[in-house]
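Worksheet: the structure to be examined is printed underneath.
Lettering follows sequence order; numbering is per chain, from 1. Small disclaimer: the values here were computed from a predicted structure and weren't measured.
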There are 2 protein chains.
Amino acid sequence: MPDLVTIPARRGKAAFVAAGQTVRIVNTHGAQVVDTWAFSRHDLSEFMSMEHSRTAMLRLRPRIGDALVTNHRRPILTLTEDTAGGVHDTLIAACDSYRYEGLGCTEYHDNCTDNLAVALAELGLTPPETPSPLNLFMNIPWTVDGAVSFDPPVSTPGSHVALHAEMDVVIAFSACPQDILPINGTARRPTEAHFAILEATA
Amino acid sequence: MPDLVTIPARRGKAAFVAAGQTVRIVNTHGAQVVDTWAFSRHDLSEFMSMEHSRTAMLRLRPRIGDALVTNHRRPILTLTEDTAGGVHDTLIAACDSYRYEGLGCTEYHDNCTDNLAVALAELGLTPPETPSPLNLFMNIPWTVDGAVSFDPPVSTPGSHVALHAEMDVVIAFSACPQDILPINGTARRPTEAHFAILEATA
């Protein structure tokens, strides 16, 4: 079994993933949203883009076999496994200090935007901007009329997705610290999650 | 009547708009998508963000009375009039050279991303990035299942929207040069559009 890496509760974690490797992201406790970003390892200004991916996939969220693409419209990650019910989000921005101020926080609140920056800094890197993330396990249903809502995840403990790297990437995750809305479950208690990097198979 | 400014076919145009003024964008010939961006005039790194706006509006596209917000989650433009059927898009990236390469073009094709840069350059400004635009008059229907498609506009000649500036902004438009897909009408013939800046009323 490959090593499991911890994405600590309320924190970020980044890693290098080579083309051909697959990253398996495990929703260890079942109700944790994991904001996910990917940047070209050789040019951080090329990165996974939700607005370009929706255009390429012609879908609001990826299904197994769909490739997420970069802002240069090249495939970067392909969703190859999903035991989490297929419910992920491409529509909603990463949370940030402004979000928590708007929700009434008067002191600093952990947030996914800062977690991305810290996770990349641990690798000696700086994100060129905060791309809109692929929000794994995040449940943002929409209606025919265009309304969206923030609902608890439908994923279960130990459920996972796998993302196949189509190029050499820096991948970054944030175990979303949202504890005011029920997006990380009705308990409003963010938890750790885990990932593993699987070698390319022949 | 205020002066009408032309957004030339396949080109961009930017302008300064003061807080309290309203911009009326006219779909002069009826089937032209107008990609729209807004930046804080005093800090271009704060700009209208579709992923933050969907979060604030809890909608996939704005309705009359909805405020689009910045990446700092502050209201920047409010939709105050819409005679174009309410069909606009927040989901799809601005077209770019990569898009047209992917559609088979072997020579340079005008594109909204470059149009944004040129339009701001005419004001002596440089966009910090290419935010995902508010695509006025663009018809991207979605299904309950999450499929999206690129359909011709439902707007009519002379129909318009009005956007009220909530702060001093630099607004930029691109009359989308897409002539391969029918997003600018089944004739696939991009046209000019127009806008006017209306003074604040007491």
Side-chain angles (χ1 to χ4, degrees), chain A residues 35 45-47 49-63 66 69-75 86-103 113 127-135 138 140-150 178 181 183, chain B residues 35 45-47 49-63 66 69-75 86-103 113 127-135 138 140-150 178 181 183:
Chain A
D35 285 38
S45 73
E46 181 175 2
F47 48 76
S49 164
M50 292 305 103
E51 57 263 32
H52 293 81
S53 293
R54 286 187 294 265
T55 306
M57 300 186 302
L58 293 175
R59 302 201 61 81
L60 294 182
R61 59 185 176 207
R63 295 185 302 186
D66 284 338
V69 305
T70 70
N71 53 335
H72 294 192
R73 308 202 188 243
R74 298 198 299 159
V87 174
H88 311 289
D89 170 68
T90 74
L91 300 169
I92 300 299
C95 63
D96 47 39
S97 58
Y98 311 107
R99 173 63 157 160
Y100 292 104
E101 286 168 22
L103 290 170
T113 297
E129 60 183 81
T130 303
S132 200
L134 173 62
N135 297 308
M138 189 172 181
I140 304 286
W142 60 84
T143 67
V144 171
D145 190 42
V148 300
S149 56
F150 281 62
Q178 174 61 264
L181 304 177
I183 200 72
Chain B
D35 285 38
S45 73
E46 181 174 3
F47 48 77
S49 164
M50 293 303 104
E51 56 265 31
H52 293 81
S53 293
R54 287 187 295 265
T55 306
M57 301 185 300
L58 293 175
R59 302 202 62 82
L60 294 182
R61 59 185 175 207
R63 295 185 300 187
D66 284 338
V69 304
T70 70
N71 54 334
H72 294 194
R73 306 200 189 246
R74 297 199 298 160
V87 174
H88 311 288
D89 171 67
T90 74
L91 300 169
I92 300 299
C95 62
D96 47 38
S97 58
Y98 310 107
R99 174 62 158 161
Y100 292 104
E101 288 169 19
L103 289 170
T113 297
E129 59 184 80
T130 304
S132 201
L134 174 62
N135 297 307
M138 188 173 182
I140 304 287
W142 59 84
T143 68
V144 171
D145 190 43
V148 300
S149 56
F150 281 62
Q178 175 61 264
L181 305 176
I183 200 72

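For chain A, the nearby parts of B/Asp145 are the backbone and the side chain; heavy atoms of each come within less than 4.5 Å. No part of B/Ala56 comes within reach of chain A, as not one of its non-hydrogen atoms sits under 4.5 angstrom from that chain. If you measure heavy-atom distances from B/Ser45 to chain A, you find no contacts under 4.5 Å at all. Using a 4.5 Å cut-off between heavy atoms, B/Arg99 touches chain A through backbone and side chain atoms alike. Heavy atoms closer than 4.5 Å to chain B are found nowhere in A/Ser97, neither backbone nor side chain.
We find the OG1-CZ distance between B/Thr55 and A/Phe150 to be 4.5 Å, quoted to the nearest 0.5 Å. B/Leu58 CG to A/Leu91 CG: the interatomic distance, rounded to the nearest 0.5 Å, is 11.5 Å.
The most heavy-atom pairs under 4.5 Å with chain B, out of A/His72, A/His52, A/Arg61, come from A/His72. For chain B, the option among A/Thr90, A/Thr130, A/Thr113, A/Asp96 with the highest count of heavy-atom pairs below 4.5 Å is A/Asp96. Highest contact tally toward chain B, considering only A/Arg63, A/Arg59, A/Glu101, is held by A/Arg59 [criterion: heavy-atom pairs under 4.5 Å].
Residues B/Val148 and A/Met57 fail the side-chain proximity criterion, which asks for heavy atoms closer than 4.5 Å.
Closest non-hydrogen pair, B/Ser132 versus A/Glu51, comes out as OG-CB, 3.3 Å. Pairing each heavy atom of A/Val144 with each of B/Trp142, the nearest pair is O-NE1, 3.4 Å.
Distance alone, capped at 3.5 Å, places no donor-acceptor pair between the A/Arg54 side chain and the B/Ala93 backbone.
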